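Notes follow once the structure below has been shown.
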Amino acid sequence: MNNKLQERWYEGTNELIKKLESREINFEKLDAIELFGRDGTWQTIKFANKVKSIEIWEIESKWENELKKNLPNATIKIRDSVSTLKSENDLPKFDLILIDNPMNVYNNEQKISDRYCEHFEILQNIQKLAKNNVLIIFNVNRKPFDYEKYPLWKQRRQKFYGNMDTSDMKIEFLLNFYEKKFYGMGFETVFCINVIRVLYQGDDMTHYFAYKLKKI
């Protein structure tokens, strides 16, 4: 790990869960899905140990055995989360949607114009998975490092967030931005919470964002 990075996903996840429970979120009653499962040992296992049920999607088949080992009670599906949400309808609905999205652009097997970026494409179709009352948790990078080295990433972020400086975005702006985005998708925000997940050179870089939403 870059010694300038301080990853606090373990502490951050615990902090997030405590804050959500203080807002009367009862995880034991929730059916959950994680859309970027990897081997399940990061945030996923923490939520999996608390919820009623969990389904996990992971694009790489190399992680399937580890997922089954680490999360024996989960439903594991090896699939491309983004393309599945885009192309399929009549998907199951969930109370809790976990989006442990990568940073930057990814899925390099596709041509550049079709590569995915952060959670941007996922959110376009998230209503296909959401119950009328849903909790959505995802990663937001407010202040990327080495940003100028990744012009495509910068371009995609500016398209998503608007024609603005996306190298150092304020939390208040981001919280309002996603509230408006979810409202445009037919959901009102009951409450929202953010928790620091990664620090870079002492600055908060990546945050967990959690939105409790209700269908309008």
Side-chain angles (χ1 to χ4, degrees), residues 1 5-23 25-85 88 91-104 106-107 116-123 125-131 133-141 178 192-199 205-213:
M1 183 179 70
L5 280 174
Q6 179 187 346
E7 295 182 351
R8 58 183 309 273
W9 68 265
Y10 182 88
E11 301 90 337
T13 306
N14 285 337
E15 182 182 347
L16 177 66
I17 288 172
K18 288 180 180 178
K19 284 189 173 184
L20 289 169
E21 288 177 334
S22 74
R23 300 299 295 265
I25 296 297
N26 185 350
F27 288 98
E28 293 180 357
K29 294 183 177 181
L30 304 185
D31 295 308
I33 185 169
E34 166 64 75
L35 299 179
F36 295 90
R38 196 177 164 86
D39 66 353
T41 58
W42 285 29
Q43 70 166 16
T44 310
I45 196 167
K46 285 187 167 292
F47 288 101
N49 289 334
K50 297 184 75 67
V51 297
K52 181 171 69 174
S53 71
I54 190 164
E55 182 169 311
I56 300 171
W57 294 1
E58 167 53 45
I59 192 171
E60 295 284 354
S61 59
K62 66 180 181 180
W63 297 115
E64 184 173 10
N65 288 336
E66 288 298 308
L67 278 168
K68 290 179 177 178
K69 176 183 175 182
N70 295 328
L71 299 163
N73 295 321
T75 299
I76 310 297
K77 295 183 178 179
I78 302 302
R79 55 172 46 173
D80 182 326
S81 300
V82 178
S83 65
T84 297
L85 281 179
E88 294 189 18
L91 292 166
K93 306 287 187 180
F94 298 89
D95 308 290
L96 171 59
I97 301 174
L98 302 166
I99 309 171
D100 194 9
N101 54 272
M103 294 295 108
N104 215 316
Y106 52 100
N107 199 348
Y116 310 147
C117 186
E118 299 187 36
H119 51 270
F120 301 167
E121 292 82 11
I122 288 286
L123 287 189
N125 295 292
I126 203 67
Q127 66 272 22
K128 291 184 178 181
L129 294 174
K131 290 185 179 179
N133 289 278
V134 63
L135 176 62
I136 300 178
I137 299 173
F138 54 101
N139 301 326
V140 176
N141 192 327
Y178 287 103
C192 54
I193 293 172
N194 67 288
V195 170
I196 298 170
R197 181 168 182 173
V198 181
L199 298 163
M205 181 182 76
T206 306
H207 285 245
Y208 281 121
F209 273 34
Y211 278 76
K212 183 69 172 70
L213 304 175

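Since the model is a prediction, treat every value here as computed from it, not as a measurement.
Residues passing the side chain to side chain contact (heavy atoms under 4.5 Å, CB included) test with N133, sequence neighbours excluded: K212, K214. By the side chain to side chain donor-acceptor pair (under 3.5 Å) test, Y211 is found to be paired with no residue, residues two or more places apart in sequence or in another chain being considered. Residues satisfying the side chain to side chain contact (heavy atoms under 4.5 Å, CB included) criterion with A48, sequence neighbours excluded, are I54, L71. Residues that satisfy the salt bridge (charged side-chain N to carboxylate O under 4.0 Å, His left out) test with K77, not counting sequence neighbours, are E55. The side chain to side chain contact (heavy atoms under 4.5 Å, CB included) search around C117 returns V105, F120, E121, W153, R156, not counting sequence neighbours. Residues passing the side chain to side chain contact (heavy atoms under 4.5 Å, CB included) test with E11 are R8, sequence neighbours excluded. Legend: residues meeting salt bridge (charged side-chain N to carboxylate O under 4.0 Å, His left out) with K19, ordered by chain and number and at least two apart, are E15. In this structure E21 satisfies the side chain to side chain donor-acceptor pair (under 3.5 Å) test together with K50, sequence neighbours excluded. Residues satisfying the side chain to side chain donor-acceptor pair (under 3.5 Å) criterion with N14, sequence neighbours excluded, are K46. In terms of the ring-ring contact (aromatic ring centres under 6.0 Å, His included) criterion, Y10 has no residue partners (sequence neighbours excluded).
Here the shortest heavy-atom pairing between V195 and G12 reads CG1-O, 3.5 Å. Nearest heavy-atom pair across A210 and I137 is CB-CG1, 3.9 Å. Summarising the geometry of K131 relative to V134, their closest heavy-atom pair is O-CB, 3.7 Å, with the distance given to 0.1 Å. Residues M103 and Y106 approach most closely at O-CD2, 4.4 Å, considering heavy atoms.
In this structure, the side chain of H119 does not engage the main chain of V140 through any donor-acceptor pair within 3.5 Å.
The salt bridge (Lys or Arg N to Asp or Glu O under 4.0 Å) pairs that include a residue from residues 64-74 are E64-K68, where partners are two or more places apart or lie in different chains.
Rounding to the nearest 0.5 angstrom, the gap separating the CG atom in L129 from the CG atom in L91 is 5.5 Å. Rounded to the nearest 0.5 angstrom, Q127 CD and L213 CG are separated by 11.5 Å.
Of the residues L85, I76, T75, the one that meets the side-chain contact (heavy atoms from CB on, under 4.5 Å) test with W57 is L85.
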What pairs of donor and acceptor atoms, side-chain ones from residues 30-44 against any protein atom, are under 3.5 angstrom apart with sequence neighbours left out?
from: D31; atom 1: OD1; to: S53; atom 2: OG; distance (Å): 2.5
from: E34; atom 1: OE1; to: Q43; atom 2: NE2; distance (Å): 2.8
from: E34; atom 1: OE1; to: T44; atom 2: OG1; distance (Å): 3.4
from: E34; atom 1: OE2; to: F36; atom 2: N; distance (Å): 2.9
from: E34; atom 1: OE2; to: D100; atom 2: N; distance (Å): 3.1
from: D39; atom 1: OD1; to: T41; atom 2: N; distance (Å): 3.1
from: D39; atom 1: OD1; to: T41; atom 2: OG1; distance (Å): 2.8
from: D39; atom 1: OD2; to: T41; atom 2: OG1; distance (Å): 3.2
from: Q43; atom 1: OE1; to: Y208; atom 2: OH; distance (Å): 3.3

